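Keep in mind that what you see is a predicted model, and the values were worked out from it rather than measured. Chain identifiers are assigned alphabetically (A, B, ...) following the order of the sequence lines, protein sequences preceding nucleic acid strands; residue numbering begins at 1 within each chain.
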Amino acid sequence: MSVSFCGLELAHPIVNGSGTFDAIAAHAAFGEELLRDFPFAAYVSKTITLEPRAGNPPPRLWEASAGLINSIGLPNKGLDGYLRDDLPRLAELCSLARAGAGVPLVTNVMGASATELTRLVAACEARSEIAAIELNVSCPNVETGLDIGADPRQLEEVVRAVRPHTGKPLIVKLTPNTADVALCAQAAEDAGADSVSLINTLRALALAPPTTRGGSDRAGGRSPGRAWLGGATGGLSGPAVRVVALAQVAAVAARVQIPVVGMGGVRSGADARELLDVGARLVAVGTESFLDPAAGGRIARELEAITRV
Amino acid sequence: MSVSFCGLELAHPIVNGSGTFDAIAAHAAFGEELLRDFPFAAYVSKTITLEPRAGNPPPRLWEASAGLINSIGLPNKGLDGYLRDDLPRLAELCSLARAGAGVPLVTNVMGASATELTRLVAACEARSEIAAIELNVSCPNVETGLDIGADPRQLEEVVRAVRPHTGKPLIVKLTPNTADVALCAQAAEDAGADSVSLINTLRALALAPPTTRGGSDRAGGRSPGRAWLGGATGGLSGPAVRVVALAQVAAVAARVQIPVVGMGGVRSGADARELLDVGARLVAVGTESFLDPAAGGRIARELEAITRV
Amino acid sequence: MSDRTSARAPFGRRLLSAIGVDELGAYRVLRVADDGPGAEPGQFAMLAAAEDWGGGEEQRPFLARAFSFARQVRGEAHFLLEDVGPGTRRLCELDAGDGLWVVGPLGRGFSAPVAGRRAILLGGGVGIAPLAILQDQLTAAATTVLLGFRDGARAEGAALLDGARVASDDGSVGHHGRVTDLLAEELARDRNAIVYACGPAAMLESVRAMCAERDVPAQLALEAGMACGFGACFGCVVARRGGGYLRVCVDGPVLDAHELERVDEHAGAPV
Amino acid sequence: MSDRTSARAPFGRRLLSAIGVDELGAYRVLRVADDGPGAEPGQFAMLAAAEDWGGGEEQRPFLARAFSFARQVRGEAHFLLEDVGPGTRRLCELDAGDGLWVVGPLGRGFSAPVAGRRAILLGGGVGIAPLAILQDQLTAAATTVLLGFRDGARAEGAALLDGARVASDDGSVGHHGRVTDLLAEELARDRNAIVYACGPAAMLESVRAMCAERDVPAQLALEAGMACGFGACFGCVVARRGGGYLRVCVDGPVLDAHELERVDEHAGAPV
Ligand SMILES: Cc1cc2nc3c(=O)[nH]c(=O)nc-3n(C[C@H](O)[C@H](O)[C@H](O)COP(=O)(O)OP(=O)(O)OC[C@H]3O[C@@H](n4cnc5c(N)ncnc54)[C@H](O)[C@@H]3O)c2cc1C
Ligand SMILES: Cc1cc2nc3c(=O)[nH]c(=O)nc-3n(C[C@H](O)[C@H](O)[C@H](O)COP(=O)(O)OP(=O)(O)OC[C@H]3O[C@@H](n4cnc5c(N)ncnc54)[C@H](O)[C@@H]3O)c2cc1C
Ligand SMILES: Cc1cc2nc3c(=O)[nH]c(=O)nc-3n(C[C@H](O)[C@H](O)[C@H](O)COP(=O)(O)O)c2cc1C
Ligand SMILES: Cc1cc2nc3c(=O)[nH]c(=O)nc-3n(C[C@H](O)[C@H](O)[C@H](O)COP(=O)(O)O)c2cc1C
Ligand code: FES
Ligand code: FES
């Protein structure tokens, strides 16, 4: 099932969705088994920003029908902290992954402007540990991420500005919260992106339950319409969004020539197969890894089994 | 729980989503009990177009995770057929509904252009049986419906063109498949709409299962990526979309002054309460009626019980 | 059995309880305590388990599922189930006393045979279900029962009806071949008949064609993916002869063969 | 029990089977056949039923749920459950032999008491769970056990530990009032202690404050809504003293009281 993606040779088409798998924490929790049976053919870092971010106040999670709403708020050490502390460690883990065969490391970055993104991309360009760069222009929890990604014109500008600063594969992660995602994908391709990835989470809202488990009201008195999440609105992921993702990935793959990384609600090899069947080159697994840290490997095996048939 | 909506006095805030309850067919199936316990405080017709439409070829349905994808394609007898055959019958049923108390009849119309919509609206204006008009500018299964509704500028033009032709309450049903639904709601309000309703279904895709129940392939040979629905893509509804609807309704209610009809995945009084809590005036029930034709009434009672607390 | 005016369903879903699930070869017979109105042969109900309906990897079933009344006896409604997916599987696992959401009886059933004509009941696979309750009510008319199955385990379903001639695709029981072969024989012997058929789309299509050719009246009980079962969603359509579509749930499930140009591949029982 | 290096979980979820669910007053004790590594006191596992997880009107649970190891004996892991929602309810209904998806042991457990200090185990409600396995392993050190409950039915949970002094909000059992009243007494008597606490946020916060005041070391086992339990989602955070956030699942669930400015309202056990 090996597949080539923007010049990278991957053992299979399954990778992780940015921000859904912390390889450092997972290694601390699961040890060497994680590296031996590393679930992904490439590893995507969570989103890195120029300045350090603490992330949103809790609560950050809400369980929706067949899905999860998150409002994490992109906590990260900032570019310098990432390059200094995390990148070397991640690079080491990636090189040891798959019993030493190693997996490429993709770094996902987000900036509020073309200037910020350019600095982030330039810094990544300078680091040989980084095999590819993913631009997050789609995070619904951060105003700018949304705005840039939802507007084809702005998106094209930003990608054009960034493109010259790296020779590494440049993946643009699109927002699903837009009228015509294929138009955005087209804009990214026209601006020189090597790949587009989608979907990010769908904008969603969860309200604080009027009463908590004990029957007593957390807020002290019913406060109608009070958002549960510290970040107010959040992003929906998981099985609930799978068919929406499938529609958007199909629309994008039909529009652009560059390879597409499809994701959204994938739980099984059959789900991954469907994204590939509508034109994705790679499939990313996010929320399902929360239910099973080894889900990516299981899905890759299931995919191979179906595909051999 | 009585509520006033654009000058109409409703017994409670629960109505039906357009195209999810055929009162004529339901009366044939359930008889007088339907009228005695009529589940909705107002009745919304399915979408009517100028010309008759047969609708999309089957299959038209797909069950998604915690939701339903439909690609019905707005089958209807066309304006003349509606006014001649269905309207009188619907008006009669509405007058007998709720044990004779009666419920207002809302007619939902869709047109490919301002001209078409104007003709539809003008025709409705002339019929006293119609209490209010809902403009469907959001049906993901029909190109134009999508385009108009997703672009605030176009939407404003259309509503401005239509507005002068009726003195009846004019509800604009927004599409959720857009970058900033509040902007679209604002456009509708600026153009003179009396209310906005949302959400319509989220664009989604279902693929034909590679093998059918018997293990034999319906399509004869695996055809990767073959759409299951006769209409290719469809619209997702039901619990899977509820938190997306909640976010969009909250964003819209925060933006506009006109009353908002909220819908999307409502299964219970608690779900309806949440939509009201974020600012909706009325709540529409769609898919849940398929699981229980009397769901609207149950939800209204649950809502009243919670609200009294 | 009336002429196209069918039994009316109570408004709203009813919470009934399962009496038990019995094996019948490859099939299961679900028995439900049902004090509701009598069903016309050919009518169906929308069923969903009250507990544990959905979830799991697929997060399905979500919607209720349609099943023909196979029999009604003293406050019991019987349904014949074939496990083809998450919904039927869950229903097959119901224990006595488990709750069941039921909407129905729904749809238009079979209409009475024209006096003097022999009734030929032709069923394929799980599609034999509505023919059982039909046979129960066709006491007057002379009837011939022809049933076809994929294999022996399924053929045990024939026990649901009396005096059936059976065909099986694998030859394990009765005629080795299609049940429509038996129909051809019967019609060759005596065409003064009316055919009541339910089964896979391909079977229904050849029944339609054979009867049209020989100009024998035929009533076909169709299937279609359904969300509501009472005409609300317009999802269950089949193409109508002369254009447009019919809603299987309210215009059918039993349709006069003449109403169809052909039987769509999606319009039959599980294969 | 080690010093902050905790037992490592096998990679990936494991399918284990339930041995049974026993009543313990208002709580349930779920016993699981677990051949996995030993858990440190304070560590937890993410649990989900292999069948019938989700669906229904809410279409929940979807994610796995976090539970502290309450005990480990001869290939059995015990979890103390309080039914507060769809996930815990489903787990309380497990029958012997039912499958269970388990990820764990996860997180950082309690650390060994400083030699010579008395260990005070202070638990509130279902939060007593990790104190039971802690007591099992604290054989060496002198221990005092203080447990608080809302009412008598919950107070029966005290049987999980030996020699507990009990307080109940409704006075039905033991001291009529808060368990922290008992802590005040104990610390007044002898401050040369280390406090191990788990329970509702409000309780943990007053334990933190009391111990800070009296400058008694305290380890608090926190809770937080969790999606993954192994540091992947960054969803389970609490504010860290001096800014930033800690992930309860990997930096905790047991935190040194000094790491927190205060215990957030969301960071405790079900009230
Ligand atoms: C009027 C009527 C009467 C019927 N009577 C009977 C009866 O008496 N006995 C009986 O056993 N059955 C009967 N059926 C068929 C029965 O309703 C279906 O077998 C049942 O709905 C299947 O549900 P499931 O969840 O088990 O399988 P599903 O997962 O729904 O799969 C069943 C078939 O539907 C398609 N499918 C697969 N996935 C999906 C999806 N996500 N969304 C939509 N379609 C999908 C495939 O073709 C698959 O083979 C009847 C149907 C109708 C309309
Ligand atoms: C480290 C750790 C150890 C724990 N140990 C134990 C233990 O030993 N025993 C035990 O009984 N419990 C324990 N818990 C708590 C347990 O995990 C929760 O009670 C459980 O997850 C509740 O799930 P539920 O589906 O039953 O209830 P939920 O429906 O998840 O509701 C539980 C609470 O979460 C909130 N909530 C309600 N709806 C939602 C939603 N849709 N999404 C998110 N939050 C919602 C409300 O405050 C509600 O009161 C522990 C938790 C952690 C983090
Ligand atoms: C808890 C959580 C955190 C996420 N963080 C990021 C992030 O930092 N950057 C990003 O581009 N996407 C992020 N995502 C989006 C995922 O990468 C993915 O696009 C989305 O979850 C859909 O896939 P899934 O349904 O398989 O989870 C996050 C998703 C979740 C659930
Ligand atoms: C089968 C089906 C048919 C629908 N037909 C229409 C329609 O004709 N016009 C319209 O404006 N919306 C239509 N809708 C959208 C619903 O009115 C509603 O906006 C949507 O289903 C979300 O609500 P729900 O999740 O409660 O179903 C339809 C929805 C479904 C499921
Ligand atoms: S199933 Fe809904 S209209 Fe027939
Ligand atoms: S629960 Fe996911 S990081 Fe802690």
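Contacts of D:V237 with chain A are made by both backbone and side-chain atoms, with heavy-atom separations under 4.5 Å. In this structure, chain D has no heavy atom under 4.5 Å from any part of A:P52. In this structure, chain A has a heavy atom under 4.5 Å from the side chain of D:R65, while its backbone stays farther away. Residue A:A295 does not touch chain D at all, counting heavy-atom pairs closer than 4.5 Å. For a residue to count as touching a neighbouring chain, one of its non-hydrogen atoms must lie under 4.5 Å from one of that chain's; by this rule D:A48 does not touch chain A. At a 4.5 Å heavy-atom cutoff, the contact between D:Y245 and chain A is made by side-chain atoms alone. With a 4.5 angstrom heavy-atom cutoff, A:R36 does not touch chain D via any of its atoms. For A:A28, the part lying near chain D is the backbone, with the side chain staying farther off; criterion is any non-hydrogen pair under 4.5 Å.
Between chain A and the options D:A224, D:G244, D:G104, D:P10, the largest number of non-hydrogen pairs under 4.5 Å is found for D:P10. In terms of heavy-atom pairs under 4.5 angstrom with chain D, the leader among A:G230, A:G67, A:P75, A:A64 is A:G67. Between chain A and the options D:V238, D:L63, D:D264, D:V250, the largest number of non-hydrogen pairs under 4.5 Å is found for D:L63.
Between D:R247 and A:D22 there is a salt bridge, since at least one side-chain N of the basic residue sits less than 4.0 Å from a carboxylate O of the acidic one. Taking 4.0 Å as the cut-off between side-chain N and carboxylate O, A:D86 and A:R89 do not count as a salt-bridged pair.
A donor atom on one side chain and an acceptor atom on the other are not found under 3.5 Å apart for D:H266 and D:E223. A:E134 and A:S18 share no donor-acceptor pair across their side chains, judged by distance under 3.5 Å alone. Side-chain atoms of A:N76 and A:T49 form a donor-acceptor pair, as typed in the model, at a separation below 3.5 Å.
Dense packing is recorded around CZ of D:R14, with more than 12 heavy atoms of other residues, nucleotides or ligands lying under 6.0 Å away.
Rounded to the nearest 0.5 angstrom, A:L74 CG and A:N56 CG are separated by 8.0 Å.
When side chains are defined from C-beta on, A:I69 does not count as touching A:W228, because their heavy atoms never get closer than 4.5 Å.
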